[in-house]
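Input: a single structure, listed below in structure tokens.
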2 protein chains.
Amino acid sequence: MGKSRTAPTLNDVAKEAGVSTATVSRCLNSPARVVEETRKRVLSAVDKLGYTPNMAARTMAANRSYSIGAIIPTMDNAIFARGLQAFQDHLREKGYSLLVASSAYHPDVEKDQIRTLVARGVDGLLLIGHAREDEIYDYLEQHQVPALVAWSYLPEARQPSVGFNNRGAMCDLARSVLAAGHRRIGLISGVTQGNDRALSRVDGARDALAEAGMEPQALTVIETPYGIDNGAQAFAELMRREPRPTAVMCGNDVLAVGALREATRVGISVPGEISITGFDDIELADIITPSLTTVHVPHREMGQKAASELIDMVEGRSAGRSTCIRTHIVSRASLAFSKT
Amino acid sequence: MGKSRTAPTLNDVAKEAGVSTATVSRCLNSPARVVEETRKRVLSAVDKLGYTPNMAARTMAANRSYSIGAIIPTMDNAIFARGLQAFQDHLREKGYSLLVASSAYHPDVEKDQIRTLVARGVDGLLLIGHAREDEIYDYLEQHQVPALVAWSYLPEARQPSVGFNNRGAMCDLARSVLAAGHRRIGLISGVTQGNDRALSRVDGARDALAEAGMEPQALTVIETPYGIDNGAQAFAELMRREPRPTAVMCGNDVLAVGALREATRVGISVPGEISITGFDDIELADIITPSLTTVHVPHREMGQKAASELIDMVEGRSAGRSTCIRTHIVSRASLAFSKT
DNA sequence: ATGGGAAATGCAAGCGCTTACATTCGAGAA
DNA sequence: TTCTCGAATGTAAGCGCTTGCATTTCCCAT
């Protein structure tokens, strides 16, 4: 309503309502401490003036920003985008805002972003995966910024995590592949350097082979950054290997889609000649032809749980509990019995 | 390095370097105003103490936060995620952080988010589409927060925009459909209420029909929220209409994928019996079978341009220039000549 | 009536930084 | 040598809010 050039402050509201700024502040933050009549007066003044608290000032005075930072490798990938969306929805419900940064899978960038977000006074931080210099965790501790790891579940790690068992899930999937009679398996992994999730998935596949009494060489691993084209290229390379694998497992669905595309391009039938598996179960997995056998990860649930746990930590209700989100294998067309 | 319980402040640095806080501040913000020798001393003190400026304090004192807010309908959709990624990359390069909120296509939620972000002191705001109460623009003006609209280009609108011509692009695409001999066309649109992009796309399709001298009834429009399942459902409904359309244009690729899936499910051949088109050219469009004829939108370019324009506005270098991003039609398998 | 004590409110000191203005310094001009 | 003036630095007043502590108010037991 006001035609004032500058936004109303707590002081303006206080004057308007005929109380002190302290009372107005209390009205807004712990209404119970203010008697009803006063509260009404204050709130109507707030309304009349169209007052909105200045968060920077509040942050400074209370040393609390009601904002949470999240650093994810990339938003390009539907996986993170979806989880992040759920995370932010829940945050918002609880009155927190989300500061997002993305590291492009670059440890140095991530480190920098962490400093930036901490300097911005975030109350808590969501990080993807555990692999990270100890120094960073020290820094976070020193600054008393609670951090929660997601997309990975490692209860014994220094940081609490809300995620899933990448290794176990991949092992289960590999068991299915083995059960389908495949004995020469290719694995297109994401870059494992600084990415514990990618690494765990590789380990999981190895576990299954070992368990079946097979030699490690039965598994040919290629590492490549996540991306459709990279998946396609890696697949092409695997096809040149002798002996050719009869099944290609992929570190995530994006790589798998690339592999599938390449197979189609060069006329290799899937799953006729070669079986392919993915990981994550993004929408794409069910849409593509042939549909992808993959590991379903409940990203929304994870984002939601991560938000609520992180808020509990921030508000001192928890010292950091780890939660394991259950995944399951989704069997679709791309995996079939080995013909050999 | 310090084992102090609390982070070092400007004051600590000043003491360490034997100068006043003003000098330290100047060192950090306008180094040229400080003589070299002093600067060196200060910077090494900064280093030694591991000082990081407190952004809340800075925001408060300078009335400048070096953060930009973005409110997008959803991150679930790959389109926004990708554009947003580019946006934030560029922001970061220029020293800005990104505050993200999503409105779930809900005007009220969006309004609320705008207030929240303004209260948080963002220096500028990125909004998707123009359709919005005037009151909101007044509010933004009153608070002197520059806002830029993206995903839509409307040079004559109140707010500057960096986007593309939704109407023109859809019109072009519809021309191709007509050129392929289709005369009964179905259109699965996103919800147009409060979504100028969706509405423009419908208008664009109508333009092409009118241009070809066809009656408006030749176009059957169904509105549904974006989503694969919704696209499938809408497609099913279109198939029940008499006379059945020979081509179904979709408001975006996600809807188109749904339509395609439904066609496959009920055994309607695409493009044999029915042609389908999308909009956006997400990765999916090229992966799916049959591949989707669609409008290619350079999202990364748009995000990038939006960031640089918005920063220009924030830093007073521009009063808000609008930029039109060029789109083009990508012809793939899903559109073919009408057999009838 | 009155004293006591809890509840409600006010007072004012910061939070860490920027910046207008004041002061100091040094070098060249007179 | 003294004066002038611009450059370098210091001083200190906020920015808008929260919160510990002081003060006032009000209700009830006595």
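Note that this is a predicted model, so its numbers are computed, not measured.
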Using a distance-only test with no angle check, is there a side-chain donor-acceptor pair under 3.5 angstrom linking Ser102(A) and Gln85(B)?
-> yes

Would you mind reading off the distance between Met60(A) atom CE and dG14(D) atom P, rounded to a whole angstrom?
-> 16 Å

Hey, are Asp12(B) and Lys48(B) close enough for a salt bridge, meaning a charged N less than 4.0 Å from a carboxylate O?
-> no

Asn63(A) CG to dG20(D) C1': how many Å, rounded?
-> 16 Å

Look at Thr21(A) and dC17(D) and indicate whether a side-chain polar atom (N or O) is within less than 4.0 Å of OP1 or OP2.
-> no

On DNA chain D, check which nucleotide each of Ala62(B) and Arg33(B) is closest to and give me the residue with the more 5' one.
-> Arg33(B)

Please give, in whole Å, the distance from dC17(C) P to Asn54(B) CG?
-> 6 Å

Could you check which of dT9(D), dG16(D), dG10(D) has an atom nearest any side-chain atom of Val35(B)?
-> dT9(D)

Hey, is the side chain of Ser20(A) poking within less than 4.0 Å of OP1 or OP2 on dG10(C), counting only N and O atoms?
-> yes

Atom pair distance, as rounded to whole Å: CG in Leu10(B) and P in dT11(D) = 15 Å

Find which nucleotide of DNA chain C each of Pro53(B) and Arg26(B) is nearest to by heavy atoms, and output the residue with the more 5' nucleotide.
-> Pro53(B)

In terms of side-chain heavy atoms of Ala22(A), which of dG16(C), dT18(C), dT19(D) is nearest?
-> dT19(D)

Short side-chain to backbone donor-acceptor contact, Asp123(B) and Ile68(B), under 3.5 Å = no

Could you check how far CZ of Arg64(B) sits from P of dG16(C), rounded to whole Å?
-> 23 Å

Looking at dG10(D), dG14(D), dT18(D), which one has an atom nearest to any side-chain atom of Thr23(B)?
-> dG10(D)

Is there a side chain to side chain donor-acceptor pair (under 3.5 Å) between Ser318(A) and Glu309(A) once you walk through the steps?
-> CA-CA 8 Å; Ser318(A) 153; Glu309(A) 174 61 23; 2.8 Å; yes

What nucleic acid atoms does Ser25(A) come within less than 4.0 Å of, heavy atoms only: base, sugar-phosphate, or nothing?
-> base

Nearest-Å distance for atom pair CG/P, residues Leu28(A) and dG16(D) | 16 Å

Quick one: is dC17(D) close enough that its OP1 or OP2 comes under 4.0 Å of any side-chain N or O from Tyr66(A)?
-> no

In whole angstroms, how far is the P atom of dA8(D) from the CZ atom of Arg41(B)?
-> 14 Å

What integer distance in Å separates Glu37(A):CD from dC26(D):P?
-> 10 Å

So among Asp108(B), Thr116(B), Ile114(B), which one has a side-chain contact (heavy atoms from CB on, under 4.5 Å) with Asp112(B)?
-> Thr116(B)

Taking only the side-chain nitrogens and oxygens of Asn29(B), find out if one of them lies under 4.0 Å from OP1 or OP2 of dT18(C).
-> yes

Using a heavy-atom cut-off of under 4.0 Å over every strand shown, decide if Thr38(B) touches base, sugar-phosphate, or nothing.
-> sugar-phosphate

